Structures are given as C-alpha cells and as structure tokens.
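Just so we're clear, the structure is a prediction, and the values are computed from it rather than from any experiment.
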Amino acid sequence: AESDSEESGSESESSESETDNTDINVKNVIKYMQEVVNMREVVTDIHNNPRLLGKLRKACENAKKVLSMNDSTFVVIDSFYTDAKSKQYDLRVQLTRQTFEKLCEDEFRRCFIPVDKALADAKIKPSAVNDVVLVGGSTRIPKIQQMLRDKFGDKLRFNINPDEAVSYGAAVQAAILTGVKDAKTESIVLLDVIPLSLGIEVGGRLTEKLITRATRIPVKKVETFTTGSDMQTTVRIKVLEGERKLSKDNNVLATFDLVGITPKPRGETQIEITYEIDANSILKVSAVEKLDGGNGKTKEITVVDNKGRLSQKEIDDAVAQAEKFKDEDDAVEAKFNAQETLQRYISSWKAHIDKEETANKFQTEDVEKIKTMLKDAETWLEEHLDVSAEEYNTKLEEVRKGLEPYQQAAPMTNPGSMPGMPAGFDPAQFQQMMAQMTPEQLSELKKQAGLPEDMNTEDMMEALKGMNTKPPTVEEPEDELDE
C-alpha cells in the first residue's frame with residue numbers, strides 16, 4: 001500500500017507466511033470434497049493416498065481459478081474412487097462461488113492480518129492510503145477484492161499483472177542495487193524497512209532498542225552508553241533482534257568484546273555504539289570508547305542479512321509473542337529499571353561522599369551516618385534481588401528522604417540516573433519542556449533527581465547536564481554492566 005506522501009515507497013511491511021502457499025485457499029475445499037466422497041459407498045481410502053490427494057488438490061485449484069470469473073463450476077476427476085464391487089467412478093461435484101467463499105472464510109480473514117499490521121506499523125489509517133496494488137494470483141478472488149474495497153474504498157489498482165508484479169519488482173531492485181543505468185529505473189526510489197527491531201543488551205538482561213521495527217533502510221543510529229562497574233576494562237556487546245523486553249527472549253545476531261578501555265569509576269567511561277544498515281540489509285555494528293584525545297579503543301563487526309537472521313515465519317511469531325506478553329514484559333522492565341535506579345542512586349552518593357571537598361562540608365559523624373545509610377541500602381538491595389518495582393521505588397524514596405538534608409548542604413551534579421531520561425538527551429530541548437511545566441511538576445522532577453526544592457531553573461539545568469547519557473548493559477565477561 002502506498003501512502004499519501006511526497007516520497008513514494010514502503011512505509012512498512014508485513015506478511016503472513018502461509019498465505020503464499022499455493023493450496024492454502026483450497027484446503028477446506030479438499031476436506032469438503034473428501035466428505036462428499038465419504039457419503040458414498042466407497043472403499044477407496046482417499047486420506048492416505050497421495051496420488052489421489054494430488055489429483056484432488058489440482059482439481060480444486062483449477063476450480064478456484066474458474067470461480068474467480070464464474071458463479072459455479074464442477075470438480076471433475078476421472079476414475080477417482082472405487083465401490084465395494086471394485087467398480088470405478090468419476091468424481092463430479094458442483095461447487096458454487098458462494099460455497100467456496102463460505103469454506104474459505106477463515107483463510108480470507110487471515111489474509112488481512114498482515115494488512116492491519118502494516119497499517120499499524122506505518123501509523124496510518126486506511127483512508128490515508130491512495131493506492132492498493134494487488135499482487136499474487138489469489139488477489140483475483142472476488143471475495144478478497146470485496147473485502148479490500150470494504151476496508152480501503154475504491155482504491156484497488158488492476159493495471160498491474162498480479163503474477164508479474166513480484167518478478168518485475170525483483171528485477172527493478174536488482175538493477176538499482178547493481179548500478180544498472182536505464183531510463184526506466186532512473187525515476188524509481190527504492191525503499192525498504194527492517195522487519196524486527198535491532199538493539200543491544202543492557203544490564204545483562206534487558207534489550208535497549210537502537211533501530212525500531214519498520215524503520216526505513218539504509219539507516220544509521222548512534223547511542224552513547226556507559227560502563228556499570230568500577231575500573232572496568234572490557235565491555236561485551238550483544239547485538240539483538242526482536243521485540244521483547246528481556247534479552248533472553250530475542251534473537252542474538254552477534255557478540256563481541258571491546259577490550260582495553262580506560263579503567264574509570266562506574267558510569268564515567270562512555271562507549272559510543274553505532275548501528276548502520278545499508279541498502280543490501282547488511283548490518284555493521286561498531287563500539288568506540290569516547291576520549292577527549294580521540295584515541296579510544298574501537299571494534300566493528302558485520303552481520304550479513306542471511307547469517308543468523310530469522311525466517312519470515314519466525315519474524316511473524318516474534319511479533320505475535322511480543323504482543324502476547326507485552327504486559328508481562330512491561331512489568332519485568334519496570335522492576336529492573338527501578339532496581340537499576342536505586343543501585344545508581346546509591347553508587348552516585350558513595351562516589352559523592354568519598355570526595356574530599358564534599359566530606360569537608362560535614363561533621364565527621366555526619367559523614368559516617370551517610371556512609372552507614374548507603375551501606376544499609378546496598379545490603380538491602382543485595383538481599384532483595386527479585387522484588388516488585390513498587391518495593392524498589394519505596395526503598396529509593398526512603399533513601400532519598402534520609403539523604404535529603406545532606407543533599408541540600410552539598411548538592412551533587414549527577415545524583416544518580418533520572419527515570420525516563422533517554423540516551424542522547426539534549427538539555428536544550430528539555431529546557432523548553434521545563435518552561436511548560438507546572439510548579440507541582442517541577443517539584444516532582446527535582447524530587448526524582450534528588451535536587452534541592454529551592455534550586456532555580458538555571459542551576460537545575462546545570463545539574464541535569466550530567467544525566468544526559470544512558471548507560472546500557474553492555475555486559476562485561478566477568479563483571480555485569482549497568483544499564
């Protein structure tokens with residue numbers, strides 16, 4: 001389906017693997033014919049006779065084609081079955097278009113699953129589509145054409161031979177990709193989309209999507225992540241394909257290690273991950289350590305389109321599974337994110353209080369109180385590795401309240417991760433959002449970030465600048481990394 005836009009092409013793609021099967025639309029017709037034969041006094045076992053089933057399938061296919069132009073036809077097969085006296089009979093059964101449509105009603109409805117999926121992925125309504133191109137012999141069936149008219153209106157295009165469309169499109173694509181110069185292809189813009197989201201494992205368990213499903217190719221996406229352990233020297237990059245939230249539920253395309261990065265405290269080393277897909281659907285993944293001098297470690301890997309990738313049926317199953325378990329995955333993601341937020345808040349405070357300039361602002365007993373409070377919170381976290389998101393959030397609120405008096409005396413520029421802060425965050429864009437916030441919303445934002453209630457907007461922006469990098473779990477072989 002081609003949408004109304006200046007650039008014609010594929011807004012999204014979807015398919016139902018079984019609808020391309022030659023006999024999928026006649027399997028119920030075959031069962032119907034078998035039932036007709038069984039009503040007669042025959043001894044021939046049609047069900048276990050491949051030769052007879054082949055003849056019946058071919059006859060039903062021919063009947064399907066005839067019914068695209070006529071209201072009725074006959075399914076005829078010479079010497080098809082034998083009675084108890086070994087007398088052979090021909091099969092001759094009348095099949096009307098109305099009976100055929102009733103027998104194949106479920107198959108016709110299933111044809112619209114990928115249609116609805118493609119519209120949803122492209123985020124357009126049927127009314128926004130101006131042309132529906134019919135491809136494949138089954139689109140000649142009057143019932144399918146009528147169902148398409150009911151959905152899209154009078155937008156069906158019959159000026160393309162449905163049997164030639166796929167071959168013609170493949171020839172055009174081959175010509176463009178190989179650089180063939182021809183007047184017929186000069187004005188054609190070839191667009192394609194990725195069938196499943198591509199991402200990276202973060203926190204050793206979650207999937208952070210870099211390129212979402214149905215994104216047009218070629219495409220390039222860059223995200224910055226940080227390490228999750230102190231003095232970490234190796235980062236493991238796990239390239240994932242799929243729609244689920246947990247990395248274990250997605251397809252692993254590749255895994256590689258970035259070795260020899262500069263050892264620094266957790267969250268300070270920045271790793272720039274780049275996903276790039278070219279017009280041939282070849283994925284290149286690179287990981288670069290970001291240093292001021294620009295001499296950080298780097299590594300790249302290439303994933304060929306057909307190496308380790310899922311089949312069309314597996315892609316359809318992956319999308320269906322993601323929809324089926326969406327609520328469950330959202331709950332698990334919320335739990336892990338809450339756990340990570342608490343962990344990072346504790347780690348940020350530990351690094352903050354260890355600084356000499358911070359410790360000098362407090363009495364010795366206050367420093368000990370802060371360290372004890374952080375140690376207790378860390379111990380609680382170690383003993384509660386599998387509780388609900390609500391329990392982690394409650395514990396975070398408890399720690400924040402306990403540290404609030406000290407936060408006002410010695411505010412941090414980066415008091416832990418802020419929930420919902422995206423990778424590649426731009427503080428300038430966020431400043432515009434802040435200008436539209438109500439006082440209550442600003443107060444809640446300061447509370448979540450661990451900032452003093454009386455902090456003004458300018459100081460608040462300065463504090464937020466340290467939170468613009470989302471550290472995913474790129475996972476270290478021995479030490480699990482942070483999100």
> Can Arg236 be said to sit on top of Phe256's aromatic six-ring, NZ or CZ under 6.0 Å from centre and within 45° of the ring axis?
Replying inline: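 No, Arg236 does not sit over the ring of Phe256.
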
> Do Glu404 and Lys401 pass the salt bridge (Lys or Arg N to Asp or Glu O under 4.0 Å) test, and can you show the C-alpha distance, the side-chain angles, and the key distance before you say yes or no?
Replying inline: CA-CA 5 Å; Glu404 189 172 357; Lys401 284 184 177 179; over 6 Å; no

>> Within the structure provided, determine whether Gln145 and Thr139 are in side-chain contact (heavy-atom separation under 4.5 Å).
In response: no

Name every donor-acceptor pair, under 3.5 Å, that has one atom in a side chain of residues 376-384 and the other anywhere in the protein, sequence neighbours excluded.
residue: Glu378; atom: OE1; partner: Lys350; partner atom: NZ; Å: 3.2
residue: Glu378; atom: OE2; partner: Lys350; partner atom: NZ; Å: 3.2
residue: Thr379; atom: OG1; partner: Lys375; partner atom: O; Å: 2.9
residue: His384; atom: ND1; partner: Trp380; partner atom: O; Å: 2.7

> Given Glu333, which of Lys245, Lys326, Arg244 fulfils the salt bridge (Lys or Arg N to Asp or Glu O under 4.0 Å) condition?
Replying inline: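 Of the listed residues Lys245, Lys326, Arg244, the salt bridge (Lys or Arg N to Asp or Glu O under 4.0 Å) partner of Glu333 is Lys245.
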
> Quick one: CD on Glu289 to NZ on Lys264, what's the gap to the nearest 0.5 Å?
Replying inline: 6.5 Å

>> Under the criterion side-chain hydrogen bond (donor to acceptor under 3.5 Å, both in side chains), I'd like the reasoning laid out for Ser347 against Gln343: C-alpha separation, chi angles, the key distance, then a yes or no.
In response: CA-CA 6 Å; Ser347 298; Gln343 176 63 65; 3.1 Å; yes

> Between Asp131 and Lys155, is there a side-chain N and carboxylate O pair less than 4.0 Å apart?
Replying inline: no

> Closest approach of Leu210 and Tyr275, non-hydrogen atoms and distance?
Replying inline: CD2-CD1, 3.7 Å

> Between Arg110 and Glu107, is there a salt bridge with N-O shorter than 4.0 Å?
Replying inline: yes

> What heavy-atom pair brings Pro126 and Lys151 nearest, and what distance separates the two atoms?
Replying inline: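 Scanning both residues, the minimum pair turns out to be CB-O, 3.4 Å.
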
> Val399 versus Trp349: any side-chain heavy-atom pair under 4.5 Å?
Replying inline: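 Side chain of Val399 against side chain of Trp349, heavy atoms only: no contact under 4.5 Å found.
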
>> Please identify which of these residues, Thr358, Val367, Ile370, meets the side chain to side chain contact (heavy atoms under 4.5 Å, CB included) condition with Tyr406.
In response: Ile370

> Please walk me through it: do Asp106 and Arg109 pass side-chain contact (heavy atoms from CB on, under 4.5 Å)?
Replying inline: CA-CA 5 Å; Asp106 291 340; Arg109 279 202 298 266; 2.5 Å; yes

>> Under the criterion side-chain contact (heavy atoms from CB on, under 4.5 Å), I'd like the reasoning laid out for Ile273 against Ile237: C-alpha separation, chi angles, the key distance, then a yes or no.
In response: CA-CA 9 Å; Ile273 306 294; Ile237 312 296; 3.7 Å; yes

> Ion pair present between Glu223 and Lys221, side-chain N to carboxylate O less than 4.0 angstrom?
Replying inline: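 Result for this pair is yes, salt bridge flagged.
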
> Under a 4.5 Å cut-off applied to non-hydrogen side-chain atoms, are Asp366 and Gln363 in contact?
Replying inline: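 In short, these two side chains touch, coming nearer than 4.5 Å.
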
> Do the non-hydrogen side-chain atoms of Leu240 and Leu253 ever get within less than 4.5 Å of each other?
Replying inline: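 With C-beta onward as the side chain, the pair stays apart.
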
> How about Asp150 and Gln146: does a side-chain donor come under 3.5 Å of a side-chain acceptor?
Replying inline: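 Side chains of Asp150 and Gln146: pair found under 3.5 Å.
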
>> If you compare all heavy atoms of Val132 against all heavy atoms of Val129, which two are closest, and at what distance to 0.1 Å?
In response: CG2-CG1, 4.2 Å

> What heavy-atom pair brings Ala254 and Val303 nearest, and what distance separates the two atoms?
Replying inline: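 Heavy atoms only, the tightest pair is CB-CG2, 4.1 Å.
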
> Once you round to the nearest 0.5 Å, how far does NZ of Lys335 lie from OG of Ser388?
Replying inline: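 Lys335 atom NZ to Ser388 atom OG measures 9.0 Å (nearest 0.5 Å).
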
> So, Thr215 side chain and Ile211 main chain: donor-acceptor pair closer than 3.5 Å or not?
Replying inline: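 No, the answer is negative, given that no donor and acceptor are paired below the 3.5 Å cut-off.
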
> Minimum heavy-atom separation for Thr207 to Gly199, with atom names?
Replying inline: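 Minimum heavy-atom separation between Thr207 and Gly199: CG2-CA, 4.5 Å.
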
> Say you draw a straight line from CD1 of Ile353 to CZ of Phe362; how long is it, rounded to the nearest 0.5 Å?
Replying inline: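 Here the interatomic distance stands at 5.0 Å.
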
> So Leu156 and Arg149, side-chain contact (heavy atoms from CB on, under 4.5 Å) or not? Walk me through it.
Replying inline: CA-CA 7 Å; Leu156 276 62; Arg149 287 193 185 94; 4.1 Å; yes

> Side chains of Phe152 and Val115: does their closest heavy-atom pair fall under 4.5 Å?
Replying inline: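 Yes; the side chains approach each other to less than 4.5 Å.
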
> Roughly how far, to the nearest 0.5 Å, is CG of Asn393 from CZ of Arg400?
Replying inline: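 Between Arg400 CZ and Asn393 CG, I get 8.5 Å after rounding to 0.5 Å.
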
> Quick one: do the Ser197 and Glu243 side chains pair a donor with an acceptor below 3.5 Å?
Replying inline: yes

> Is the shortest heavy-atom distance from the side chain of Val319 to the side chain of Arg213 under 4.5 Å?
Replying inline: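 With C-beta onward as the side chain, the pair touches.
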
> Of Thr269, Thr234, Val288, which meets side chain to side chain contact (heavy atoms under 4.5 Å, CB included) against Ile261?
Replying inline: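 Result: among Thr269, Thr234, Val288, Thr269 is the only option passing the side chain to side chain contact (heavy atoms under 4.5 Å, CB included) with Ile261.
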
> What are the two closest non-hydrogen atoms of Leu198 and Leu283, and how far apart are they?
Replying inline: CD1-CD2, 4.1 Å

> Tell me, do Leu396 and Thr341 make a side-chain contact under 4.5 Å, heavy atoms counted?
Replying inline: yes

> Taking atom OG1 of Thr224 and atom CD of Glu272, what is their separation to the nearest 0.5 Å?
Replying inline: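 Going from OG1 on Thr224 over to CD on Glu272, the span is 5.0 Å.
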
> Are any of the side-chain heavy atoms of Phe336 and Gln339 separated by less than 4.5 Å?
Replying inline: yes

>> Quick one: does any side-chain atom of Asn28 pair with a main-chain N or O of Cys104 as donor and acceptor, under 3.5 Å?
In response: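 No; zero donor-acceptor contacts below 3.5 Å.
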
>> With side-chain contact (heavy atoms from CB on, under 4.5 Å) as the criterion, how do Val259 and Thr233 come out once you've worked through the C-alpha distance, each side chain's angles and the decisive distance to 0.1 Å?
In response: CA-CA 6 Å; Val259 182; Thr233 58; over 6 Å; no

>> Would you compute the distance between atom OG of Ser281 and atom CD1 of Ile217 and round it to the nearest 0.5 angstrom?
In response: 3.5 Å

